[in-house]
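Encoded as structure tokens, the structure appears first; notes follow it.
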Amino acid sequence: TIHHTTGRAKVSHAVVVIFLEFFAWGLLTTPMLTVLHETFPQHTFLMNGLIQGVKGLLSFLSAPLIGALSDVWGRKSFLLVTVFFTCAPIPLMRISPWWYFAMISVSGVFAVTFSVIFAYVADITEEHERSTAYGLVSATFAASLVTSPAIGAYLSANYGDSLVVLVATIIAVVDIAFVLLVVPESLPDKMRLTSWGSPISWEQADPFASLRRVGKDPTVLLICVTVFLSYLPEAGQYSSFFLYLRQVIEFSPAAIAAFIAMVGILSIIAQTLLLTYFMRTIGNKNTVLLGLGFQLFQLAWYGFGSEPWMMWAAGTVAAMSSITFPAVSALVSRIAASDQQGCVQGMITGIRGLCNGLGPALYGFIFFLFNVELNELDPMTGRNKSTPQEPSEKPTIPGPPFLFGACLVLLALLVAIFIPDHHSMAVKTYTDTRKISTSNNLQSLNPLPASEEDIEPLLQDSSM
């Protein structure tokens, strides 16, 4: 097996790389909000949405190509590139905010560490142990996000933002050094040699290929529409929510850190214990419907809620709604034939990548339309400097985008009801025979299809 050719590569290597990268970014949660507000005092939400939107769209466009290249040139070099570019903007936060935001947008091209990490894990695990390994990587991602914002907020309050940026930069450098010096290559040499001369087909690198294949099977189409409608508001919420908590609901940095920790811990519990329980008792499709129900309730509550306690309560519901995606992945893996797993999971990932670009831009635009703008920040408390009579003029709907998101999730629920419980794929989704013939010699060495980098079960859902 592959194990003998790469005795040294371990899942723990992948776990450390992911943990350090997201820990460094998590530390910056509080300073990032301050820098955003200082750089774009007029249209903070709109600019935040555009920056995250450009980054998400670039990641969507580049993920298939980088995955296909890593099949040929090996994973280690691409881990190095993705970690380096994902962390490159960090020191710029203190040097030049404008360059920092420009760099974040452009870094989207390489900010696909997850797809390379999942391919790395796939190289070194047998099929039956793969889902456990993916679960471990996703849980690590959640764990790094649970701990780091609280530490960042504490350091920022006591020692200032500059120290936080310095610590984050050091951790990023440690991560790059770890990849360079410690992480072994996971692709066996003979596999890379077979694929070395073979050209990468446009089909492999085409981000829209997966979207075009969606229409071939009605059940897959229903699942993909459900994913699109439910993940669009989630990606938007993820990009602007901490900013919203701090500015509109007036959470202190410490409260935001505690909120992230609470939602993160509850999400980990929901995705491990509750998910297995629901899948066993009410079945796969009903678990998806239940998760969507929780998401609908949570978004509506965020939309109408204007008091801090409402946010905390809605946060517990948000943690419950995190069961949707693992349940969707399981549903997809059940309806797809064994030789189509990578392809169908890749479609779901492609759609989620698209949402990561569109969601933040959409939310920023809706905040902008409804004139939800930020008031002056008091640098000491992080609270708004406002006159005492101001709260009486609170808008009826404090969070218009969340309400819009709730409408999308309601549509997703209606679509999901029509997903059949038992289904065998009628149409072959993988039609490109040229690709199959060129990769046949690879298949004998590698148990996964060409788009293994697309199997990405949780990505950022574990945190929100």
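Sequential numbering from 1 along the given sequence is applied to the chain's residues.
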Extract all donor-acceptor atom pairs below 3.5 Å that involve side chains of residues 15-25 and protein atoms in other chains or at least two apart in sequence.
residue : atom : partner : partner atom : Å
E21     : OE1  : T113    : OG1          : 2.9
E21     : OE2  : T113    : OG1          : 3.3
W25     : NE1  : T86     : O            : 3.1

TODO: Take V164 and Y159, measure what side chain to side chain contact (heavy atoms under 4.5 Å, CB included) needs, and give me the verdict at the end.
DONE: CA-CA 8 Å; V164 187; Y159 305 103; over 6 Å; no
Open item on the list: Would L58 and F110 count as a side chain to side chain contact (heavy atoms under 4.5 Å, CB included) here? Give the steps.
Closed with: CA-CA 8 Å; L58 287 174; F110 295 104; over 6 Å; no
TODO: Could you go through the ring pair (Phe, Tyr, Trp, His ring centres under 6.0 Å) check for F404 and F365 one step at a time?
DONE: CA-CA 12 Å; F404 179 75; F365 185 62; over 10 Å; no
Task: F402/Y244 under ring pair (Phe, Tyr, Trp, His ring centres under 6.0 Å): CA gap, chis, key distance, verdict - done: CA-CA 11 Å; F402 302 115; Y244 176 77; 4.9 Å; yes
Task: S77 and L80: CA distance, side-chain angles, deciding distance, side chain to side chain contact (heavy atoms under 4.5 Å, CB included) verdict - done: CA-CA 5 Å; S77 46; L80 200 58; 5.6 Å; no
Open item on the list: I'd like to know whether T226 forms a side chain to side chain contact (heavy atoms under 4.5 Å, CB included) with L292, so could you lay out the CA-CA distance, the side-chain angles of the two residues, the decisive distance to 0.1 Å, and finally the verdict.
Closed with: CA-CA 9 Å; T226 305; L292 288 172; 3.8 Å; yes
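Here the closest heavy-atom approach between residue A270 and residue A319 is recorded as CB-O, 3.5 Å. C87 and A172 make their closest contact through CB-CB, 3.5 Å (heavy atoms, listed as atom of the first residue, atom of the second, distance). Smallest separation of non-hydrogen atoms from A14 and Y120: CB-CD2, 4.2 Å. Considering all non-hydrogen atoms of both residues, T324 and V288 come closest at CG2-O, 4.2 Å. Of all heavy-atom pairs between V35 and T39, the closest is O-OG1, 2.6 Å. Here the shortest heavy-atom pairing between V317 and F294 reads CG1-O, 3.3 Å.
Put simply, the side chain of P233 reaches to within 4.5 Å of the side chain of L299, judged on heavy atoms. Annotation: side chain of Y100 is in contact with side chain of M32 (closest heavy-atom distance under 4.5 Å). Residues L33 and I256 have side chains in contact (heavy-atom distance under 4.5 Å, counting atoms from C-beta outward). Contact check for V409 versus L229: no side-chain heavy atoms found under the 4.5 Å cut-off. Within the 4.5 Å cutoff, the side chain of L57 has heavy atoms near those of the L354 side chain. Residues I95 and W99 fail the side-chain proximity criterion, which asks for heavy atoms closer than 4.5 Å.
Annotation: the span from S107 atom OG to F85 atom CZ amounts to 9.5 Å, rounded to 0.5 Å. Here T44 contributes atom OG1 and E38 contributes atom CD; the two are 10.5 Å apart, rounded to the nearest 0.5 Å. Put simply, CG on N48 and CD1 on I104 are 9.0 Å apart, with the number rounded to the nearest 0.5 Å. Summarising the geometry, atom CH2 belonging to W312 is positioned 6.0 Å from atom CE belonging to M262; distances are rounded to the nearest 0.5 Å. Between L275 atom CG and S267 atom OG the span is 12.0 Å, to the nearest 0.5 Å. Atom CG of L27 sits about 8.0 Å away from atom OG1 of T147, to the nearest 0.5 Å.
Of the possible polar contacts, none joining the Y231 side chain to the I351 backbone as a donor-acceptor pair under 3.5 Å is found. Looking only at distances, no side-chain donor or acceptor of Q52 sits under 3.5 Å from a matching main-chain atom of A361. A donor-acceptor pair is defined here as one N or O able to donate and one able to accept, closer than 3.5 Å; such a pair exists between the side chain of S59 and the backbone of G108. Panel note: side chain H37, backbone T34; no donor-acceptor pair is recorded below 3.5 Å. Side chain of S322 to backbone of A318: no donor-acceptor contact under 3.5 angstrom is found. Using modelled atom types, no side-chain atom of S96 and backbone atom of L92 make a donor-acceptor pair closer than 3.5 Å. K76 places a side-chain N or O within donor-acceptor distance of the main-chain N or O of L180, the cut-off being under 3.5 Å.
Aromatic pair F242/F251: ring centres not closer than 6.0 Å.
Q298 and E234 are not linked by any side-chain donor-acceptor pair at a separation below 3.5 angstrom, with hydrogens and angles left out of the test.
Counting non-hydrogen atoms of neighbouring residues, nucleotides and ligands closer than 6.0 angstrom, the OH atom of Y154 reaches no more than 12 such neighbours.
Residue pairs meeting the side-chain hydrogen bond (donor to acceptor under 3.5 Å, both in side chains) criterion with at least one partner in residues 161-173, sequence neighbours excluded, are R94-S162, S156-D161. Counting only residues at least two apart or in different chains, side-chain hydrogen bond (donor to acceptor under 3.5 Å, both in side chains) contacts with residues 284-295 are absent.
Of the residues listed (F45, F367, F259, Y363), the one engaging F241 in a ring-ring contact (aromatic ring centres under 6.0 Å, His included) is F259, and it is the only one.
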